[in-house]
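To start, the structure under review is shown below, and the notes come after it.
Order of listing sets the numbers, starting from 1, for every ligand and every atom in it.
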Amino acid sequence: MIIEPRTRGFICTTAHPTGCAENVKAQIGYIKSKGLNKGPKKVLVIGASTGFGLASRITSAFGSNASTIGVFFEKPPSEGRTASTGWYNTAAFETEAHKEGLYAKSINGDAFSNEIKAKTLELIKTDLGKIDMVVYSLASPVRTHPETGVRYKSTLKPIGNSYTNKTVDFHTGEVKDITIAPAEGDDVANTVTVMGGEDWQLWIDALQEADLLSENFKTVAYSYIGPKLTEPVYRKGTIGMAKDHLEETAFTITESLKQINGKAYISVNKALVTQSSAAIPVIPLYISLLYKIMKREGIHEGCIEQIHRLYQDRLFLDAVPTDEQGRIRIDDWEMRADVQEQVAKLWQEATTENLSKIGDLEGYRTDFFNLFGFHVEGVDYKEDTNEIVRIPGL
Ligand code: NAI
Ligand code: NA
């Protein structure tokens, strides 16, 4: 069929298999061109199909020939309906990995559930024996707790007071004020339950109990800090409380890995256009201004450049560089004082009329459509495309 983008607010309900495959191949090409001095060998990536998790899987496989198992929650295709983007990404990733003789298998289902954990452990036991790294890169608005069956929802709200600031509708380019009401009731606790560290710890505990972690094992989860500007809705908001919890969990996990000399890391990553960040009010405006400046300074990065730098210049060094709170920082270029000063200045000036000039609205839009395999250079979108793409074993 002819596949076109169909957007509803900050989501796109269709995805293009050829465009997704081109995106994946471009990321693989980047990693092959850069190479890695050192990397993992047997890796489980939780949240492996899009964004930072996909980039981590690609960097592991094509940077250090790692065997990878990817866990994700994606919609398979059906006659006349496209799959979700992570499905097509994974199909392309596996095709390319298998061409090079690399082990790559995937599990599609709810990573928060006991069932998917058990299935993953079984696959590791059968196929890989012990693994030396787990990348935890889930981003989800909901979590059904495995013990109680209660379904928790995360929120993106300020805490204490309502928050008013500028935001942009990146489809129309309209810049306007948005007011977000403060968290109430169990909002904070629920967001921590969904996006905090409990599930990360459950995964590592289960893997360790099953004796599936090798000596010197590493695990990394991704966090975000961002500027003062977005603090009320991000780092000091409900999601920030979840990130605080995730970051504390790294210490608890490291403690539990003592016997195998293992370590849990947090990597604080840069703000990027992904399905998750598009959903956060205010962030798209911030990103479009940030992109403009980082591109001008020649320091712009996407997921793959970020994760390559994480592996090459941080995680696999003998002494892993961290900040005072023990976190790896690959948001260092985003957070540079000169970059942030320029963003803050542009933020004051930004209006519907000038944003496409002072900000990188076009870059934001392109990245957004690219997430779903659209607006990718070299793809003929008029061509009849088979939406039914299979992933071996799924
Ligand atoms: P994403 O939306 O691109 O990827 C999320 C992944 O989680 C996908 O593979 C999806 O299939 C999987 N997933 C979601 N719910 C699942 C479930 N119940 N079971 C199994 N898999 C599930 O998100 P992104 O942006 O790559 O985020 C990953 C992590 O990076 C998050 O912790 C996020 O907070 C963090 N981060 C994101 C930044 C950004 O600007 N996008 C910046 C810094 C950190
Ligand atoms: Na991800």
Side-chain angles (χ1 to χ4, degrees), residues 10-12 15 20 23 44-58 69-76 83-90 93 106-117 119-120 135-146 151-154 156 191 194-197 199-200 202-203 220-227 230 234-235 239-240 242-247 249 266-280 282-284 286-287 290-291 301-304 306-307 310 327-331 334-335 364 367-368 370-372:
F10 49 78
I11 58 169
C12 181
C20 290
N23 287 338
L44 168 64
V45 182
I46 303 161
S49 53
T50 57
F52 285 112
L54 173 65
S56 308
R57 191 175 193 186
I58 290 172
I69 291 175
V71 178
F72 46 76
F73 210 2
E74 300 292 345
K75 187 166 62 69
S84 54
T85 192
W87 179 277
Y88 292 136
N89 289 341
T90 301
F93 169 82
S106 303
I107 291 177
N108 189 25
D110 182 7
F112 296 127
S113 70
N114 289 333
E115 183 205 340
I116 289 296
K117 286 188 177 72
K119 215 171 151 181
T120 308
V135 177
Y136 189 82
S137 187
L138 284 188
S140 174
V142 291
R143 175 180 175 217
T144 300
H145 201 280
R151 192 163 182 268
Y152 296 93
K153 282 191 184 157
S154 72
L156 297 159
T191 306
V194 178
M195 286 296 286
D199 182 62
W200 183 23
L202 287 173
W203 270 102
V220 62
Y222 299 137
S223 190
Y224 183 66
I225 298 176
T230 60
Y234 198 95
R235 195 62 206 213
I239 184 70
K243 289 302 187 192
D244 284 350
H245 186 268
L246 183 79
E247 293 179 10
T249 304
I266 291 292
S267 173
V268 182
N269 300 353
K270 173 197 187 208
L272 279 174
V273 182
T274 67
Q275 293 182 76
S276 304
S277 67
I280 310 176
V282 186
I283 299 280
Y286 169 70
I287 290 182
L290 180 73
Y291 272 28
E301 296 174 298
C303 287
I304 198 69
Q306 278 264 290
I307 301 300
L310 169 65
R327 304 171 295 202
I328 294 172
R329 303 295 296 266
I330 51 170
D331 64 338
E334 169 182 355
M335 299 309 282
Y364 190 99
D367 279 12
F368 176 79
N370 280 178
L371 292 177
F372 307 94

I'd like to know if the side chain of [X] reaches the main chain of [Y], judged simply by a donor and an acceptor atom lying under 3.5 Å from each other, with no hydrogens or angles considered.
{"X": "Thr85", "Y": "Leu371", "answer": "yes"}
{"X": "Lys270", "Y": "Glu301", "answer": "yes"}
{"X": "Lys117", "Y": "Ala111", "answer": "yes"}

Exercise for the section: For Lys270 and ligand 1, answer yes if some heavy atom of the residue is under 4.0 Å from a ligand atom, otherwise no. Expected result: yes
Exercise for the section: Examine ligand 1 and decide if any of its atoms is less than 4.0 Å from a heavy atom belonging to Gly109. Expected result: yes
Exercise for the section: Determine whether the side chain, the backbone, both or neither of Ala48 has a heavy atom under 4.0 Å from any heavy atom of ligand 1. Expected result: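 It is the backbone that touches ligand 1; the side chain stays farther off.
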Problem - Side chain, backbone, both or neither: Leu138 near ligand 1, heavy atoms under 4.0 Å - result: both
Exercise for the section: Give yes if a backbone or side-chain nitrogen or oxygen of Ala111 is under 3.5 Å from a nitrogen or oxygen of ligand 1, and no if not. Expected result: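 Yes, at least one N or O pair falls under 3.5 Å.
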Exercise for the section: Enumerate the atoms of ligand 1 whose separation from the nearest heavy atom of Ala271 is less than 4.0 angstrom. Expected result: 40 (O)
Problem - Which of the ligand 1 atoms, numbered from 1, are nearer than 4.0 Å to a heavy atom of Asn269 - result: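 Reading through ligand 1 atom by atom, the close ones are 43 (C).
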Handout entry: Aromatic ring pairing Tyr136/Trp200, orientation class (parallel under 30°, perpendicular over 60°, tilted between)
Key =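 Parallel.
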Exercise for the section: Would you mind checking if Asp110 and Arg143 are paired as a salt bridge, meaning a charged N to carboxylate O distance below 4.0 Å? Expected result: no
Who's closest to [atom] heavy-atom-wise, of [options]?
{"atom": "atom 25 (O) of ligand 1", "options": "Thr274, Ile287, Ile225", "value": "Thr274"}
{"atom": "atom 6 (C) of ligand 1", "options": "Ser137, Ala55, Ser49", "value": "Ser137"}
{"atom": "atom 37 (C) of ligand 1", "options": "Tyr222, Phe52, Trp200", "value": "Phe52"}
{"atom": "atom 14 (C) of ligand 1", "options": "Cys303, Ala139, Ser277, Gly86", "value": "Ala139"}

Practice task
Answer yes or no: is there a side-chain heavy-atom contact under 4.5 Å between Val282 and Tyr234?
Solution key: no
Handout entry: Heavy-atom side-chain proximity of Lys119 to Val71 below 4.5 angstrom
Key =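 The answer is no; the side chains never approach within 4.5 Å.
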